[in-house]
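Remarks on the structure that follows.
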Amino acid sequence: MAEQFWGLSYKQLQANFVSNLNGTSLLEISLLTSIAPLAVLLRSCIGALLWANMASRSPVSSSFVFILDYIILILPLVFVSTILSSCIITTLVTLSVIITTCLILSCIIITNNNSENSSHQQDPKRQSFICNYRAYIVIATAVSILAVDFNIFPRRFAKAETYGSGFMDVGVGSFIVSNAIVSPEARSIRKNAGSRLKCTIQSIRSSIPLLVLGLARFLAVKSTDYQEHISEYGVHWNFFITLFIVKVLSTILVQLPILSNPCTYGLTGFIIAIFYQLSLTRWGLEYFVINGSSVSGIRYGFVDANREGLSSCFGYLALYFMGLQLGRFLFTKKRNCWYTAFLLLVLDVILWILTVTSRHYVTPVSRRMANITFIFWQMAYNVQFLVSFLLVDIISMIVLPKDVKPAGCEVCYSSPNSLTRDPIRLLHCSCLIAAINRSQLAYFLVANLFTGIVNFSVKTLFCTHTQSLLIICGYMFVMSSVFTLLHFLGITVKLHH
């Protein structure tokens, strides 16, 4: 049995440590994650300056690229979410990165006066800002799922209990949106691929690994007596099962004649969100999710035991359909990058207005129920994240020399002018970013495994700030090393199709 502390077992202390929290402001979360696109821009600028020394596939140059990626792309996010988490300090760090990047950009502009790429059109199949966005979704998730178990991670960043918005509350929603954006439905891959029944069966078969991962996680948690927060999804439920249900349901729904038109995806998501919110506030579902069938807190039967996971699937399904519509917009045709950025900014303003309005007049944000305010917030946050990476691309295209592929190496491109690699290794993608995107779900799974290993090996609650920071940085270094090596060797770890 775990050692006792104040009459509680260590497992109980861990559960209490992540319980009954209310999160932070939506503004602070947006400020915190703004470091990501700035880090990508800084990395691209440094890559442009050092391209001649980074284009070789030798072990020395590849190691240099990896170290540069780790320092610039990973460590800033670790620091601003832990030891530099004060809102004022985070702002100062962000401004410092901006100033540093501007100085480097000035040097590049002086030495390479190039603006020929300013009218560049985004190829729907090759959009590096989507690659960067999707990679940082899992990087931020990997950092937070371990850091949350240490005192160095502010409690306001952890998941809110019932209502509220923490930094970790954007993880699941962002994962849903990022998967929807690149799904076969969004890219019209399955269109006219066969009968509706065949497409549905194909989707279920390709999603089975998610269900297997969900069941495996449940068995692992129960068999090892690992700490768990059952009010997040329930007793038997977890994120992998939610993702499985959402993907299968979305495929079934898009096969219906009334929903088969891709232009209706966003409207479908909005209608699902409205009816789901009505079931929460008008038809008693919210009371059931919070209190269960018994006020005593005892969970009777499978539905009661997993009421959070079952209920929130409808909210995540609505979010997934909105993500499908966003993906359709990004992948349907070539557009001028400025025009794309303008449309995304307009959409983002509308979504933030809906978020604030819904929070004040309908219901507070609740990740636990995935209510309509949470849905609007997740869409607003993810569109903002996307457009910030697109603006980084635009700056890179205007300023950086056009014969340089910033933040890349021969692992990604056979020559400075090569654009013939697989879509996962995109223009302006760093090796680490490309490596993570290449095996995104595997990266998330390994992060969960490493988090469990650390928690079994170390009593995280009693670590000093120095020990905590060293463990978190070491964990991210190992994660980055493993997947960069796989990328270097040309190995892709796909857990689903």
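Bear in mind that the values here come from a model prediction, so they are computed numbers and not experimental data.
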Can you name the side chain to side chain contact (heavy atoms under 4.5 Å, CB included) partners of [X], sequence neighbours left out?
X    : result
T90  : L31, V80, T94
Y339 : R335, N336, L343
S96  : none
F270 : I274, M322, F376

(request) For residues N151 and C463, determine if any side-chain heavy atom of one lies less than 4.5 Å from a side-chain heavy atom of the other. (result) no

(message) Can you confirm whether F167 sits close enough to F153 that some side-chain heavy atom of one is under 4.5 Å from a side-chain heavy atom of the other?
(response)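 Yes, their side chains come closer than 4.5 Å.
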
Determine whether the aromatic ring centres of residues [Y] and [X] are separated by less than 6.0 angstrom.
X    : Y    : result
Y320 : Y316 : no
F240 : Y233 : no
F275 : F314 : no

(request) With sequence neighbours left out, write down each residue that passes side chain to side chain donor-acceptor pair (under 3.5 Å) with S165, or none if nothing qualifies. (result)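 Per chain and number, S165 pairs via side chain to side chain donor-acceptor pair (under 3.5 Å) with no residue.
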
Spatial distance of atom [atom1] ([X]) from atom [atom2] ([Y]) [nearest 0.5 Å]:
X    : Y    : atom1 : atom2 : result
L75  : Y70  : CG    : OH    : 4.5 Å
I72  : I46  : CD1   : CD1   : 3.5 Å
L354 : I372 : CG    : CD1   : 8.5 Å

(message) How close do S312 and R368 get, counting heavy atoms only, and between which atoms?
(response)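 Residues S312 and R368, closest heavy atoms: CB-O, 3.8 Å.
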
(message) Test: salt bridge (charged side-chain N to carboxylate O under 4.0 Å, His left out). Region: residues 15-33. Which pairs qualify, not counting sequence neighbours?
(response)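 For residues 15-33: E28-R156.
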
(message) Over 60° means perpendicular and under 30° means parallel, so tell me whether F66 and F477 are parallel, tilted or perpendicular.
(response)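 The arrangement is perpendicular - the two ring planes meet at more than 60°.
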
(message) If only side-chain N and O atoms count, and only distance matters, is there a donor-acceptor pair under 3.5 Å linking N382 with Y133?
(response)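 There is such a pair between these side chains.
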
